[in-house]
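Quick caveat: nothing in here was measured; it's all calculated off a predicted structure.
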Amino acid sequence: MNSSSSVARTLSSKNPKLLFLETCSNLIQLKLIHAYMIRASLIHDVFAASRLLTFFTKLEEPNSNSLCYAQRIFSQIQNPNLFIYNSMIRIYSTSNNPQHSLQFFNKLQHQNLIPDNLTFPFLVKSCTQFASLETGRQIHCQIIRFGFDPDIYVQNSLVHMYATCGDMGTASRIFCLISQLDAVSWTSMIAGFSKCGNVESARRMFDRMPERNIVTWSTMIIGYARKGYFEKAVDLFRIMQSDNVMANETVMATVISSCAHLGVLEQGERAHDYVMRNNLTVNMILGTSLVDMYSRCGNIHKAIRVFKELPERDVLSWTTAITGLAMHGYAERSLKYFSHMVRMGLTPRDITFTAVLSACSRGGLVERGFELFESMRKDYGIDPRLEHYGCMVDLLGRAGKLDEAERFILEMPIKPSSPIWGALLGACRIHKNAVIGERVGKILMQLEPGHSGYYVLLSNIYARADRWDDVMDLREVMKEKGVKKLPGYSLIEMDGSVHRFIVGDRSHPEIEKIEAMWEEIVEKIRDVGYEGNTSDVLFDIDEEEKETALRRHSEKLAIAFGLMRTGPRTTIRIVKNLRVCEDCHTATKLVSKMFDREMIVRDRNRFHHFRGGTCSCMDYW
Ligand code: ZN
Ligand code: ZN
């Protein structure tokens, strides 16, 4: 290098225009210098040509124009040296065609040139770019062959490559050998572990890392959220704040959508507050996540307010607002938003249609639903997918058109999935149609013999038709097949912490008080007609979770706890993982009347707003 830079000086002193190369900042300037070099016959000088290429290695992401130009310069060099090959490998390593780096590596070997320590990090980077573990391993062999494996740049690049390609075993082995670990290596390990779903190892790495930067924090937080560990993602954000690390927009969008999944309004509000206090840019992703969070945490009015204040709105943000309105039972308004969006010139996407179709279904708007369903293909060229067909079955089912719904399924051009049959089975339960219900239930049991929800639905249907023998038989079949149950749970947020009630679990420190409170509640709502279903029928709709005094449905405990701990007229918000059962639904309606409380329950499918003895779902869910 030293000898070549002295050559550069001699060459540049003879040709002062070459000095411009060092400060050249765009392709036009470069072309001028190149033209000069051709005129002065300098272009045949390997060193001068290599200075031209250096310009391209500094580009962060060379476009096809630049790549073409670099390629042309290269092809005019008669005997390229290693420096030139290294430059080409490096140029392609950040391009859209990282594979080309390998071609230059092969060529240099054909020229009997020996690669050096600068050749490999970029070659490995190329393999990382196109995520080819196989090629990466071959390059690793070459590294060992040429004796560059102890080089720390090479090692760090290998860790990054193996971690990105998902070979965490090899990545860890090399990681342990490195004497000077750079931040990229640590972060690659954390990213690699979380990408393959091993968030525990990712967290161990994260805790061991000497100095964490914003990239590391966001990798870990995003890793948790991807794996569905939303509580951990939110917790880590709290630790990040106490470490005085400033969050960026990406982290906040992840934290806010984690709050949305959890249904924790207070923490979501705090995250929103953080965004405003720190003047973060409410970009489209962050803005949409805020709308989604308020909507899914049960505050649709705030969601719409935030939506209206967004500096810009794309199809996704509109769709989020439309979905929110539909989920909360505002069918007409949801459709109005849809028309507004179309008038603004935005093209609805398939998920937008899922939202409006479910609005129609919830609002009982059969005709409008069919119009939209037709318009999907006709006006927008979108082929309906299973979820759209599901919405249509739901639409017909809710409206009591069970025969039509069954025919609709049988005439579908794609194979109906079990959720589609499930939607019809649900409708049979509501409309007490045991004949179609039985037919559909049998199809479902064949399609998904291990799914307890369908057995329970059918068993509910039999019970309502007083067919107790069939109920018993079905119970036997479930036992025989060992159908797994998913325990029901409910969450309620109180003073910043989340309380989780799981059916049959009495580990809450105040459980005795809470149970006593529920008994008091029952006394009070009995006066207005609550019977407290004690028959065998009482299951959570999705799963077989029979209710007895000890295995009381979790939302009842959450309601009791909410009434105990909040002041009069405070809205109580509960998130339940399964669909609410009829008994809990009736009880909650009566509680909202007798205690004059608004209660918002998010179940697996929708929101129920209980107020003054009625529910926004109009008893259809
Ligand atoms: Zn229940
Ligand atoms: Zn309801």
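- At a threshold of 4.0 Å, the pair E493-R500 does not count as salt-bridged, since none of the basic side-chain nitrogens sits closer than that to a carboxylate oxygen.
- Put simply, CG on L396 and CG on L424 are 9.5 Å apart, with the number rounded to the nearest 0.5 Å.
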Where do L286 and N283 land on the side-chain contact (heavy atoms from CB on, under 4.5 Å) test, with the steps shown first?
CA-CA 5 Å; L286 184 52; N283 57 26; 3.2 Å; yes

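- Distance alone, capped at 3.5 Å, is enough to place a donor-acceptor pair between the E249 side chain and the T281 backbone.
- No donor-acceptor distance shorter than 3.5 angstrom exists from the side chain of R573 to the backbone of V264, with no hydrogens or angles considered.
- Within the 3.5 Å criterion, the main-chain N or O of A247 finds a donor-acceptor partner in the side chain of Y274.
- Under the 3.5 Å distance criterion, the side-chain polar atoms of H431 are matched with a main-chain donor or acceptor of G397.
- Between E582 and R429 there is a salt bridge, since a side-chain N of the basic residue sits under 4.0 Å from a carboxylate O of the acidic one.
- With 3.5 Å as the limit, one finds a donor-acceptor pair spanning the side chains of W468 and D466.
- In this structure, the side chains of W421 and Y454 stay at 4.5 Å or more apart for every pair of heavy atoms.
- Under the 4.5 Å side-chain criterion, counting only non-hydrogen atoms from C-beta, Q267 is in contact with R238.
- A donor-acceptor contact closer than 3.5 angstrom links the side chains of D314 and S317.
- For D505 and S507, the side-chain atoms include at least one donor-acceptor pair closer than 3.5 Å.
- Ionic pairing of D273 and R270 is not present here: no N-O contact between side-chain nitrogen and carboxylate oxygen is shorter than 4.0 angstrom.
- Here Y294 and H301 keep their ring centres 6.0 angstrom or further from each other.
- Looking only at atom types and distance, the side chain of T354 has a donor-acceptor partner in the side chain of H388 under 3.5 Å away.
- Under the 3.5 Å distance criterion, with hydrogens and angles disregarded, a donor-acceptor pair is assigned to the side chains of T352 and T319.
- In this structure, R602 contributes its side chain and G298 its backbone to no donor-acceptor pair below 3.5 Å.
- Separation of atoms CG (L578) and SG (C584) is listed at 10.5 Å; rounding is to 0.5 Å.
- Under the 4.0 Å criterion applied to side-chain N and carboxylate O atoms, R407 and E404 are not assigned as salt-bridge partners.
- One finds no salt bridge joining K524 and E519 here, because no Lys/Arg side-chain nitrogen approaches an Asp/Glu carboxylate oxygen to under 4.0 Å.
- At distances below 3.5 Å, not a single donor-acceptor pair connects side-chain atoms of D243 with backbone N or O atoms of V245.
- In the model, R597 has no side-chain atom that pairs as donor or acceptor with a side-chain atom of S592 under 3.5 Å.
- Aromatic rings from F338 and F353 are positioned such that their centres are separated by under 6.0 Å.
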Steps toward ring pair (Phe, Tyr, Trp, His ring centres under 6.0 Å) verdict (W318, F307):
CA-CA 8 Å; W318 276 97; F307 173 75; 4.9 Å; yes

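- Atom-to-atom distance recorded for I382:CD1 and D350:CG is 6.0 Å, nearest 0.5 angstrom.
- Between the side chain of N278 and the main chain of L280, no donor-acceptor pair closer than 3.5 Å is present.
- A centroid separation of 6.0 Å or more is found between the aromatic rings of F501 and Y489.
- With respect to the salt-bridge test (charged N to carboxylate O, under 4.0 angstrom), the residues E510 and K513 qualify.
- Atom-to-atom distance recorded for S194:OG and R203:CZ is 12.0 Å, nearest 0.5 angstrom.
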For the pair I409 and V440, evaluate side-chain contact (heavy atoms from CB on, under 4.5 Å) and give the outcome as yes or no after the intermediate values.
CA-CA 11 Å; I409 298 179; V440 175; over 6 Å; no

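- Atom CD1 of residue I514 and atom CZ of residue R506 lie 10.0 Å apart, to the nearest 0.5 angstrom.
- A donor atom on one side chain and an acceptor atom on the other are not found under 3.5 Å apart for D235 and Y224.
- For the pair S258 and V234, the tightest heavy-atom approach, listed with the atom from each and the gap, is CB-CG2, 3.8 Å.
- Using a 4.0 Å cut-off between a side-chain N of Lys or Arg and a carboxylate O of Asp or Glu, E269 and K302 do not qualify as a salt bridge.
- The main-chain N or O of T288 is never found under 3.5 Å from a side-chain atom of D292 such that the two would form a donor-acceptor pair.
- Separation of atoms CG (L372) and CG (L357) is listed at 6.0 Å; rounding is to 0.5 Å.
- A donor-acceptor pair under 3.5 Å is absent between the side-chain atoms of S418 and the main chain of L444, judged by distance alone.
- Ion pairing of R467 with E438 is present here, as a side-chain N (NZ or NE/NH1/NH2) and a carboxylate O approach within less than 4.0 Å.
- Looking at D619 and K589, a side-chain N of the basic residue comes within less than 4.0 Å of a carboxylate O on the acidic one, giving a salt bridge.
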In sequence, state the C-alpha distance, the side-chain angles, and the governing distance for L395 and R368, and then conclude on side-chain contact (heavy atoms from CB on, under 4.5 Å).
CA-CA 10 Å; L395 176 72; R368 184 87 179 96; over 6 Å; no

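- Looking at I351 and L316, their side chains come closer than 4.5 Å, going by heavy atoms from C-beta outward.
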